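Worksheet: one structure, shown below.
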Amino acid sequence: MTSTPNILWAVTRTRVDYPQAVATMEARVADIASGKAPETVWLLEHPPLYTAGTSANDADLVDPGRFPVYRTGRGGQFTYHGPGQRVAYVMLDTRRHGGGTPDLRRFVYDLEEWLITALAAFNVKGERREGRIGIWVAGHTSEDKIAAIGIRVRRGISYHGISFNVDPDLSHFTGIVPCGIREHGVTSLVALGRPVTMYDADVALRAAFEEVFAWPTFEGDMKLPLVADMAAS
């Protein structure tokens with residue numbers, strides 16, 4: 001493993017196609033595992049699309065022709081990604097939590113705590129729910145999901161990560177049953193009356209990450225593969 005204790009914090013301001021993001025993550029995970037690159041948290045936005053995790057039920061794809069659909073190796077079911085949603089891909093050594101062996105339960109708990117802490121910066125109370133993945137916001141008569149989590153681990157290194165609804169078009173979620181849960185909806189910071197920009201969300205996410213994980217971060221860039229490189233891989 002790399003001897004660098006700090007975490008690379010990279011933000012891509014242009015929208016990244018999903019296959020390009022996956023190719024970038026897989027290359028970075030291999031480099032982290034071999035000690036060639038530091039652990040990385042990569043923040044980005046995608047164009048509108050749906051992804052299906054390893055537990056996805058095809059019946060939950062309500063409108064298959066609406067946006068591109070990508071089958072992916074992360075855990076979980078169907079989810080939506082698109083503009084106004086901050087996606088954070090976490091390429092981290094899960095063995096930091098287990099004294100040399102992965103402690104995935106603790107790792108997912110800390111991802112949840114990271115989101116809850118970031119939401120608190122905007123005076124929003126994020127909550128866990130027994131038997132459900134992600135972070136929820138309770139209202140007077142209902143509750144809605146504001147952030148999703150789905151990871152995969154290879155050679156002890158996590159990838160994929162979290163999605164955090166800042167100001168996406170919430171109607172785009174109607175093309176799927178998000179995470180297979182029909183009885184609850186989705187929401188965002190802006191829908192909750194918080195006039196939050198993506199920059200505001202990024203600042204809160206970084207501060208919350210350093211607080212929860214107690215790992216310092218440093219800024220840097222992610223090198224995206226060329227389309228030709230992706231086709232050859």
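Owing to the predicted nature of the structure, the values given are computational and were not obtained by experimental measurement.
- Note that NZ of Lys223 is 10.5 Å distant from CZ of Arg28, once rounded to the nearest 0.5 Å.
- Side-chain contact between Ile135 and Lys145 is absent, with no heavy atoms from C-beta onward closer than 4.5 Å.
- A donor-acceptor pair under 3.5 Å links the side-chain atoms of Asn165 to the main chain of Thr187, judged by distance alone.
- Judged by distance alone, the side chain of Asp169 and the main-chain N or O of Ser171 form a donor-acceptor pair under 3.5 Å.
- There is no path of hydrophobic side-chain contacts, each under 4.5 Å, that joins Leu170 to Val190.
- To the nearest 0.5 Å, the span separating OG1 on Thr72 from CZ on Phe78 amounts to 11.5 Å.
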Intermediate values then yes/no, side-chain hydrogen bond (donor to acceptor under 3.5 Å, both in side chains), Arg66 and Thr174: CA-CA 10 Å; Arg66 188 170 189 180; Thr174 61; 2.8 Å; yes

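- Remark: side-chain polar atoms of Glu39 are paired, donor with acceptor, to backbone N or O of Asp93 under 3.5 angstrom.
- For the pair Leu61/Asp58, no side-chain contact is recorded, criterion being any heavy-atom separation below 4.5 Å from C-beta on.
- There is no side-chain donor-acceptor pair under 3.5 Å between Arg152 and Ser158.
- Under 4.0 Å is where a charged nitrogen must lie from a carboxylate oxygen, and between Arg86 and Asp167 no such pair does.
- Leu44 and Val203 fall into different hydrophobic clusters, where Ile, Leu, Val, Met, Phe, Trp and Tyr side chains are chained together by heavy-atom contacts under 4.5 Å.
- The backbone N or O of Leu49 sits nowhere less than 3.5 Å from a side-chain atom of His81 that would complete a donor-acceptor pair.
- Of the inter-residue distances, the one linking Phe218 atom CZ with Leu8 atom CG reads 4.5 Å to the nearest 0.5 angstrom.
- Asp17 places no side-chain N or O within 3.5 Å of a backbone atom of Gln20 that could act as its donor or acceptor partner.
- A donor-acceptor distance shorter than 3.5 angstrom exists from the side chain of Glu210 to the backbone of Thr217, with no hydrogens or angles considered.
- By the criterion of side-chain heavy atoms lying less than 4.5 angstrom apart, applied directly or through intervening Ile, Leu, Val, Met, Phe, Trp or Tyr residues, Leu43 is grouped together with Val212 in one hydrophobic cluster.
- Of the possible polar contacts, none joining the Thr94 side chain to the Leu104 backbone as a donor-acceptor pair under 3.5 Å is found.
- Counting only distance, with no hydrogens or angles, the side chain of Arg194 and the backbone of Leu192 share a donor-acceptor pair below 3.5 Å.
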Chi angles and distances behind the side-chain contact (heavy atoms from CB on, under 4.5 Å) call for His160, Met25: CA-CA 8 Å; His160 298 280; Met25 280 193 288; 3.7 Å; yes

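- Note that the CD1 atom of Ile157 and the OG1 atom of Thr40 stand 10.0 Å from one another [nearest 0.5 Å].
- Between Asn6 and Pro38, the shortest heavy-atom contact is O-CB, 4.3 Å.
- Note: Tyr18 and Tyr70 meet the aromatic proximity criterion, with ring centroids under 6.0 Å apart.
- Closest heavy-atom contact between Gly84 and Met198: C-CE, 3.6 Å.
- Val124 and Tyr199 fall into different hydrophobic clusters, where Ile, Leu, Val, Met, Phe, Trp and Tyr are joined by side-chain heavy atoms under 4.5 Å apart, directly or via other members.
- In this structure, CG on Leu115 lies 5.5 Å from CD1 on Ile149, to the nearest 0.5 angstrom.
- Under 4.0 Å is where a charged nitrogen must lie from a carboxylate oxygen, and between Arg132 and Glu143 at least one such pair does.
- The two residues Trp136 and Ile133 make their nearest non-hydrogen contact at NE1-O, 3.9 Å.
- Cation-pi check for Arg128 over Tyr109 is met; the charged atom lies under 6.0 angstrom from the ring centroid and within 45 degrees of its normal.
- In terms of hydrophobic clustering, with Ile, Leu, Val, Met, Phe, Trp and Tyr side chains grouped at heavy-atom distances under 4.5 Å, Val90 and Ile116 are assigned to a common cluster.
- Remark: Glu127 engages Lys125 in a salt bridge, criterion side-chain N to carboxylate O under 4.0 Å.
- Side-chain contact between Phe107 and Ile151 is present, with heavy atoms from C-beta onward closer than 4.5 Å.
- Between Trp114 and Phe213, the ring planes lie perpendicular to each other; the angle is over 60°, past the 30° to 60° tilted range.
- Contact check for Leu119 versus Phe164: side-chain heavy atoms found under the 4.5 Å cut-off.
- Of the charged side-chain nitrogens involved, none lies within less than 4.0 Å of a carboxylate oxygen, so that Glu211 and Arg206 do not count as a salt-bridged pair.
- Of all heavy-atom pairs between Ala88 and Val41, the closest is CB-CG1, 4.5 Å.
- Using a 4.5 Å heavy-atom threshold, the side chains of Arg74 and Thr79 count as touching.
- Checking Arg155 against Ser34 by side-chain atom types alone, no donor-acceptor pair falls below 3.5 Å.
- The side-chain heavy atoms of Ile7 and Phe209, taken from C-beta on, include a pair separated by under 4.5 Å.
- Nearest heavy atom pair, residue Pro48 against residue Pro68, reads O-CD, 3.6 Å.
- Counting only heavy atoms from C-beta outward, the side chains of Thr24 and Trp42 approach each other to under 4.5 Å.
- The pair Glu45-Arg13 does not count as a salt bridge, with every side-chain nitrogen at least 4.0 angstrom from each carboxylate oxygen.
- When all heavy atoms of Pro168 and Phe173 are compared, the closest pair comes out as CG-CE1, 4.3 Å.
- Residue Gln77 holds its CD atom at 11.5 Å from OG1 of Thr51, rounded to the nearest 0.5 Å.
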